[in-house]
Structure formats: structure tokens, C-alpha cells
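Only this structure's heavy atoms are used, side chains among them; waters, hydrogens and symmetry mates stay out. Convention: sequence-line order gives letters A, B, ...; per-chain numbering from 1.
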Amino acid sequence: MQEAPGTNKSSARGSKTIPNELYFTRKLLEWHHRDNRREMPWKGIHDPYKIWLSEIILQQTRVSQGLSYYLRLLAAYPSIEKLATASDAEVMKLWEGLGYYTRCRNMLRTARIVMTNYKGQFPASFEKLLELPGIGPYTAAAIASFAFRLPYAVVDGNVSRVLSRFFGIETPIDTTNGKQLFAQLAGRLLDSREPGVYNQAIMDFGATVCMPQQPICGLCPLGKKCTARQNGVVHRLPVKEKAVMKKIRWLAYFVFEYQGKWCVQERTDKDIWQNLFEFYAVETEGAMEWTQPVIVEWLQQQGIRRFQLNHISALYTQLLTHREIRAVFIRVKLSGIPHFLKNHRWIAVQKMKTLPFPRVINRWLDEGFEQPIWGKAGPAK
DNA sequence: AACACGGGGCG
DNA sequence: CGCCCAGTGTT
């Protein structure tokens, strides 16, 4: 459900708006008028076809990446009729390389629906726009406000970020609750006299001042009343709940022991745990059954002839933001240092605690192996 | 509510 | 590498 059209007239008459909301809209529009020099071909125009085309292209796509596609598609299909009568393959060829190819198919579907059902004219209605394939709440609000000057507030990544920071809202933006909250707030902030201008302003502001990574708070015209800035929490807003578990990584740690020393290595790759230490690691693509016969064969393949397999641990897991680590620890006592471990570091067992390890390794050191080496008191918890 | 869908820019 | 981008559709 889209929030009801905004009621903020950017004047003191708005009965329910709190002072900060009026301040926000006024300062934002001042900034847009005074400092915003972000020029784009689709800005300031009211042709629904061009607005729609640009919005579809820009879904989850940076302006710098989508611009050339917009120009090429518009040149090839100057009107929605030209687009609607083009062949699927021809349009897809022009979309090639932009990604999210469902957008292209839905774009064509919508062009044909508009031709047959609406006589080639996009409906000047938020609800009707929303029914068209590839047009969701954001795009419907964008077309409604830019093309038809209807009072609907857009809520995209820029908007939710700017609002979460200025008003200090910690509700995750990617939940049903959060989406509803930000849509409501955005609707109240909207300047209903010029919805399109306001929507341009807040998105440009998010893209050029209140950026995701390094916002230019020093130059921010709203900084005086920005809640996040006052509280020093700009960097951790907006909050996102979804931490998609992209990949499980399977690690086998071989704890090689030789003359009271353990073999360790430092992680230096551009990867997790940079500059932390670990044991000799074997990473596999999928789950690997590190049973005794498998381990013995693996050791022999490495040219290790004399060894003593002391222990195979249970599976240890560690959750990272976008990874899940699953590690098994394999203790092997050697009677010599094999060639492939010549350049590794060998640390006295008593000194292990002085090195930095990932949590999953520390947990194994603390509780994971049968014969304690820290002494009967055990390691510090 | 969770997931799939792409490719590129940036630190 | 991790994060994010003028989000939407499906299950």
C-alpha cells in the first residue's frame, strides 16, 4: 500500500507536522534550488514515456551505468508505439549488458499493454500505474509525480537512507514495518505543491551529499538538525536487517605439532580475517568428510610419511555478516617438518595465546581438544 | 518474509 | 572483498 498523498505545504499551516519535518522539507528544497547541479536528460521533463523508460532503466542501477542505455533505447524507440511494435530480440539486444533482464521483458509487456489498453497514453493514476508489469511503488510514485505532478512520495534507497539519518530512525529499512514507516514519513514530508521537484531533490541529495559510505556531513545544509549527526551514528544508519548468508565456507585446519611447536600462518589475502593467524588450512568447495582414512591419504599425498593423527574435532561454526564458516580441526604430530611447511611459522604452544586468531579458532583452543596443553588451569576464557 | 535477479563502481 | 545502486516479481 502506498502512503496517502502528502500534505506538507511547507508552511506553518500543516497541522500534524512536527517542526523538524517542516525544517527538513524547507532546507531540502533550498539546497535543491541553490546547490543542486545534477543534470540528467530525464530531469525536468513531463513526458510519461521518457520518465517511465528512465525509471525502469535506473532500478537498482546507477545513473552513470544506465545513462547510455537510456539514450540508445530512446533513439531506437522515440515513442512508446515504436517500442511496443519492436521485436523482443531487438529490444533485448539493446538491453544487453545492463542486467536484471526481467526489467526488459516487463518493459516490453507494459509498452504493449499501454498501447492496447490505454491508447498509447500512460494512465495518470498511481493505482493504474502500479498494475503495469515492472512498475512497483517506487516507479509508480516517480511517474505520478514527475509526469503528472501527483502528490506521491518516492521511497528508494536514497530516501530511506536520508530519512533514517536525519530523523534518527533505527527501524530496519528492509522490513515490512520499516517500509511502511518510511513510506508514511516520506508522504508527510512531500511538498504537495511540487511533488516532482521535491522527489528529485531528496534523491539527488541522497546521491550527492548524504551518500551511503562517506556522506559529506561537513557541507550538509540539514546537519544542524540531523539526529544521526548529533548522536554521532551517521555511519551505521540506515539499519538493514537482511544479512543474506551468501556462502558457506568449509575449512579443515591441520594443527601440525613438532617438538612442542605448532604450525601457524598469517592470513594476508584480500579475504576475511586479514592479518589474523590460523593453522594450515585446506578449504573445500562443499562439505568434506574428513574421516581418518581421508586424512591419512591426504597427508601421504603431501609427502608426509611419518605422523601421528591425534584428534579430529567436531564441526565448529562461526557466523560472519555474509559468510558462515564451518571448520574442523585435525591434530597431527609430525616427526619432521615437511617441505611445504618449511616457510611457515612454528610457535611454542605456550605462546599461542599471544597471537590474534579468528573466533572460531579461539573457541577450539579454549575447549576443543582433548589433551589440555595450557596446564590444568586451562586457558583464559 | 525470503529469495532471485546482474553488472559495475568504490574504498 | 564487501557494500550499494532512481526495485520488482515470485514463492
Check if the side chain of A:Q65 and the base of B:dG7 share a donor-acceptor pair of N or O atoms closer than 3.5 Å. yes
Sorted by first residue and then second, give each ring pair (Phe, Tyr, Trp, His ring centres under 6.0 Å) pair with at least one member in residues 171-193 of chain A; sequence neighbours left out. none
Tell me which residues in residues 91-112 of chain A put a heavy atom below 4.0 Å from DNA chain C, sorted by number, or none. A:Y100, A:N106
For A:I135 and A:V63, take the nucleotide of DNA chain C holding the closest heavy atom to each; which residue's nucleotide lies nearer the 5' end? A:V63
Can you check the A:F182 CZ to C:dA6 C1' distance for me, whole Å? 17 Å
May I have the distance from A:Q59 (atom CD) to C:dA6 (atom P), rounded to whole angstrom? 12 Å
A:Y23 six-ring face occupied by A:K225 cation (under 6.0 Å, within 45°): yes
Would you say the side chain of A:Q300 lies within less than 4.5 Å of the side chain of A:R305, judging by non-hydrogen atoms? yes
I'd like to check A:E90 versus A:K93 (side-chain heavy atoms, cut-off strictly below 4.5 Å). Are they in contact? no
Please confirm whether the ring centroid of A:F167 lies under 6.0 Å from the ring centroid of A:F24. yes
Provide, to the nearest angstrom, the distance between the CH2 atom belonging to A:W52 and the C1' atom belonging to C:dT8. 14 Å
Is there a donor on the side chain of A:T61 or the base of B:dG8 sitting less than 3.5 Å from an acceptor on the other? no
For atom P, what is the distance between B:dC10 and C:dA6, given to the nearest Å? 13 Å
Between P on B:dC10 and CD1 on A:I216, what's the gap in Å once rounded to a whole number? 14 Å
By nearest heavy atom, map A:P133 and A:R62 onto DNA chain C; which one lands nearer the 5' end? A:R62
Measure CG/A:L53 against C1'/C:dG7 and give the value in whole Å, please. 16 Å
Which residues pass the side chain to side chain contact (heavy atoms under 4.5 Å, CB included) test with A:L341, sequence neighbours left out? A:F256, A:C263, A:Y280, A:L334, A:I337, A:P338, A:H344, A:W346
Donor-acceptor contact present, side-chain A:R103 to main-chain A:Q59, <3.5 Å: yes
Of all the choices, C:dA6, C:dC4, C:dT8, which nucleotide is nearest to the side chain of A:P212 once you look at every atom? C:dC4
Is the phosphate of C:dC4, meaning OP1 or OP2, less than 4.0 Å from a side-chain N or O of A:R161? no
Of the nucleotides C:dT8, C:dA6, C:dC4, which one has an atom closest to the side chain of A:D204? C:dA6
Position toward the 5' end of DNA chain B (nearest nucleotide), A:N177 or A:S64: A:N177
Which whole-number value in Å describes the distance from A:E55 CD to C:dT8 P? 9 Å
Between C:dT11 and B:dG6, how far apart are the two P atoms, rounded to whole Å? 15 Å
When rounded to whole Å, the NZ to P distance for the pair A:K179 and C:dG9 reads 13 Å
Atom NZ of A:K240 to atom P of B:dA2: distance rounded to whole Å? 15 Å
Out of C:dC5, B:dG11, C:dT8, which has the shortest distance to the side chain of A:Q214? B:dG11
Run the salt bridge (charged side-chain N to carboxylate O under 4.0 Å, His left out) test on A:R38 and A:D204 for me, step by step, so that the C-alpha distance in whole Å, both residues' side-chain angles and the decisive distance to 0.1 Å come before the verdict. CA-CA 7 Å; A:R38 206 180 180 214; A:D204 285 347; 2.9 Å; yes
Is any side-chain nitrogen or oxygen of A:Q60 closer than 4.0 Å to OP1 or OP2 of C:dG7? yes
